[in-house]
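Right, one structure below, let's go through it.
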Amino acid sequence: MFTGIVQELLTITALTPGTPTVVSFELPQWGKPAVGESILLHGICSTVTQVAEQDFTVEYMAETLQRTNVSDWQIGDRVHVEPALTLQTKLSGNLVYGHVDCTAVVVAPALTVEVPEPYQSYLINQGSITINGVNLTIVTVVQNRCTVNLRPETARRTTLADLVVGSRVNIECDYLTKVIV
């Protein structure tokens with residue numbers, strides 16, 4: 001489990017497409033993750049499969065590839081990263097599971113996304129949505145489009161301000177909203 005508060009940005013150092021797709025990332029500043037550890041990468045709960053001196057590796061299976069934007073990733077891309085929660089972790093965001101529901105398409109750069117129809121009922125004004133692992137508050141909802149406001153600090157710490165119209169992003173709808181609906 002995670003909070004949706006990005007700890008840092010990591011660069012993809014190697015990528016081998018296929019099933020599984022194997023992706024390597026530079027090591028986070030907080031230190032080497034352990035093999036088997038869960039880590040949130042662009043909103044995807046990922047299991048570390050290998051650790052080397054300069055990087056660590058994860059593998060993505062067919063279900064993850066179908067629901068996420070991993071197939072859009074390239075060597076050199078930067079992704080949001082957050083370590084898993086511990087009982088001592090400050091909960092400063094919302095609960096994020098890293099179980100990506102779908103991808104959405106950016107339809108306005110300031111940040112409006114169009115979520116696939118089956119997920120429309122989970123979008124509520126002042127509700128939460130996780131975009132590429134960043135937990136955000138929904139400002140407006142019009143049908144299957146929702147808009148969030150990027151605070152300057154969030155824009156500075158993430159790649160969300162770099163998104164352009166047509167970019168695909170990973171979406172995790174708020175768990176509590178899904179349970180209630």
Flag the pair [X] / [Y] as yes when at least one side-chain heavy-atom distance between them is below 4.5 Å, and no otherwise.
X: Tyr60; Y: Thr68; result: no
X: Glu8; Y: Trp30; result: yes
X: Tyr122; Y: Asp101; result: no
X: Leu85; Y: Leu95; result: yes

Spell out, as yes or no, whether a donor-acceptor pair under 3.5 Å connects the side chain of [X] to the backbone of [Y].
X: Asp174; Y: Thr177; value: yes
X: Asn170; Y: Val100; value: no
X: Thr158; Y: Thr154; value: yes
X: His80; Y: His42; value: no
X: Thr3; Y: Ser92; value: no
X: Asn144; Y: Tyr119; value: no

Query raised in the report: Hey, mind stepping through Phe56 and Ile39 against side chain to side chain contact (heavy atoms under 4.5 Å, CB included) and telling me if it holds?
Result: CA-CA 11 Å; Phe56 70 94; Ile39 191 167; 4.0 Å; yes
Report task. Could you give me the CA-CA distance, side-chain angles and deciding distance for Val141 and Ile124, then say whether side chain to side chain contact (heavy atoms under 4.5 Å, CB included) is met? Result -> CA-CA 6 Å; Val141 176; Ile124 59 172; 5.6 Å; no
Tell me the closest heavy-atom pair linking [X] and [Y], and the distance in Å.
X: Val58; Y: Ser46; answer: CG1-CB, 4.0 Å
X: Leu27; Y: Lys32; answer: CD1-CG, 3.7 Å
X: Val48; Y: Ala34; answer: CB-O, 3.4 Å
X: Glu82; Y: Gln7; answer: CA-CG, 4.0 Å
X: Val148; Y: Ile138; answer: CG1-CA, 4.0 Å
X: Met61; Y: Pro20; answer: SD-CB, 3.7 Å

Query raised in the report: CD of Gln143: more than 12 outside heavy atoms within 6.0 angstrom?
Result: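 Open: at most 12 neighbouring heavy atoms sit under 6.0 Å from CD of Gln143.
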Requested in this report: Please say whether more than 12 non-hydrogen atoms of neighbouring residues, nucleotides or ligands are located less than 6.0 Å from CD in Gln54.
Outcome: no
Requested in this report: For the pair Tyr97 and Thr130, evaluate side chain to side chain contact (heavy atoms under 4.5 Å, CB included) and give the outcome as yes or no after the intermediate values.
Outcome: CA-CA 10 Å; Tyr97 292 86; Thr130 302; over 6 Å; no
Solution key, residues 111-118 side-chain donor-acceptor pairs under 3.5 Å, sequence neighbours excluded:
unit_1	atom_1	unit_2	atom_2	d
Thr112	OG1	Thr147	OG1	2.7
Glu114	OE1	Arg145	NE	2.8
Glu114	OE1	Arg145	NH2	3.0

Query raised in the report: Going through the distances and angles, do Val105 and Thr103 end up as a side chain to side chain contact (heavy atoms under 4.5 Å, CB included)?
Result: CA-CA 7 Å; Val105 176; Thr103 58; over 6 Å; no
Pairs under 3.5 angstrom only: tabulate donor-acceptor contacts from the side chains of residues 10-18 to other protein residues two or more places apart or in another chain.
unit_1	atom_1	unit_2	atom_2	d
Thr11	OG1	Glu26	OE2	3.3
Thr13	OG1	Ser24	O	3.3
Thr13	OG1	Asp55	OD2	3.2

